[in-house]
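Input: a single structure, listed below in structure tokens.
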Number of protein chains: 2
Amino acid sequence: MSTAYAALSLPLRREILDQLRAGPATVGDLAEALGVPQAVASKQLGILREAGFVQARADAQRRWYALLPEAFTEVAQWLEPYRWLWEDRLDRLGDRLDQMQEHDQMQEEEQS
Amino acid sequence: MSTAYAALSLPLRREILDQLRAGPATVGDLAEALGVPQAVASKQLGILREAGFVQARADAQRRWYALLPEAFTEVAQWLEPYRWLWEDRLDRLGDRLDQMQEHDQMQEEEQS
DNA sequence: TCGGTATATTCCTTGACGGGAATATACCGA
DNA sequence: TCGGTATATTCCCGTCAAGGAATATACCGA
């Protein structure tokens, strides 16, 4: 359960991460939002924290959990070499494949 | 073990995928390249196939396994909404460190 | 100090996975 | 048809994860 991938293997943990996209939340908030006992939420948050997906900031008795780039970056980087696999299949329609020019000239393209 | 994420949780399976980036390979090839028994390779390939990462093409007794976009796309799409997390951190690292305390203020308590 | 609140941890049971060994299945060439 | 080759499947076992229940820990307000 140490790796980031293993942490993502449980749907509940992915739901927690999805939930945290709305902003930091406490264990109780997440437990209620996802309909699971407090102990379960706490345990899974511990695993997500250990894997580097989230971070806890103490505020008296409560812990505000928030997303952390760490593990996401790890997964994204592993996935990167496979990008061609699905990319030149998704834009199969426009043929305007100017492949991988990620952070080069991303000034004004908000009308995608 | 049904989801793509669960399939990625085992290092050996990720190694198989990495290996397949070089092109299609047979079970025996992969087993030898990764130093595992044939049965182990076959079993893990079955899991990867079930998860949609690879595809098997029969050629007499051998099976040529090749990468398949399916599951990669699934993972990539799930990861996409989190992209801002690590992107505007690689770009402007060091300025956006106060993202997670929008609606509460810290009162200089690093030594309590 | 004393509840009351919020979270973490432990114990326990059930179920599933990973890997080894052996066997089964499918196919080739002669 | 008969080995020989390549792969899949089954059985077994050690290990570990998930969840529930209960408890422990830490902190607040009065």
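Order of the sequence lines sets the chain letters (A, B, ...), proteins ahead of strands, with each chain counted from 1.
A 3.5 Å limit on both hydrogen-bonding distances identifies D:dT5 as the Watson-Crick or G-U partner of C:dA26.
Between B:D59 atom CG and D:dA8 atom C1' the separation is 17 Å, expressed in whole Å. Here the C1' atom of nucleotide C:dG19 and the CD atom of B:E15 are 15 Å apart, to the nearest Å. Rounded to whole Å, atom P of D:dA18 lies 12 Å from atom CZ of A:R14. A:E32 places its CD atom 11 Å from the P atom of C:dT7, with the value rounded to the nearest Å. Rounded to whole Å, the distance from CD1 on A:I16 to P on D:dA18 is 11 Å. We find that CD of B:E50 is positioned 14 Å from C1' of C:dA16, with the value rounded to whole Å. Between A:Y5 atom OH and D:dA17 atom P there is a gap of 18 Å when expressed in whole angstrom units. Rounded to a whole Å, the CG atom of B:L10 is 14 Å from the P atom of D:dC16.
Without hydrogens or angle criteria, B:R49 side chain to B:V54 main chain gives no donor-acceptor distance under 3.5 Å. Side chain of B:T73 to main chain of B:P69: a donor-acceptor pair is present (N/O by atom type, distance under 3.5 Å, no hydrogens or angles). Side-chain atoms of A:R13 come within 3.5 Å of backbone atoms of A:A7 as a donor-acceptor pair (strictly under, hydrogens ignored). Proximity of a side-chain donor or acceptor of A:S9 to a complementary backbone N or O of A:A6 within less than 3.5 Å is detected.
Within 4.0 Å of A:L30, counting heavy atoms only, lies no atom of the nucleic acid at all. Nucleic acid contact for B:L45: none, since no nucleic acid atom lies under 4.0 Å from a heavy atom of the residue. Using a 4.0 Å heavy-atom criterion, one finds that A:R49 contacts no nucleic acid atom at all.
A distance of 10.5 Å separates CG in A:L85 from CD in B:E70, rounded to the nearest 0.5 Å. Separation of atoms CG (A:L45) and CD1 (A:I16) is listed at 4.5 Å; rounding is to 0.5 Å.
Under the 30°/60° scheme for interplanar angles, the aromatic rings of B:Y5 and B:W78 are found to stand perpendicular. The aromatic rings of A:F53 and A:F72 sit perpendicular, their planes meeting at an angle over 60°, well past the 30° parallel limit.
Dashed line: the shortest gap from a side-chain N or O of B:S42 to OP1 or OP2 of D:dT7 is not under 4.0 Å. Within the 4.0 Å cut-off from OP1 or OP2 of D:dA17, not a single side-chain nitrogen or oxygen of A:Q44 is found.
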Would you tabulate the nitrogen or oxygen pairs shorter than 3.5 Å linking the protein to nucleotides 20-24 of chain D?
| from | atom 1 | to | atom 2 | distance (Å) |
| --- | --- | --- | --- | --- |
| D:dG20 | O6 | A:K43 | NZ | 3.0 |

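A:L68 and B:W84 sit in two unconnected hydrophobic clusters of ILVMFWY residues. Membership requires side-chain heavy atoms under 4.5 Å apart, directly or through other members.
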Review point. What string of B, S and - do you get for nucleotides 1-6 of chain C, 5' to 3', when a contact is any protein heavy atom under 4.0 Å?
Key: ---BBS

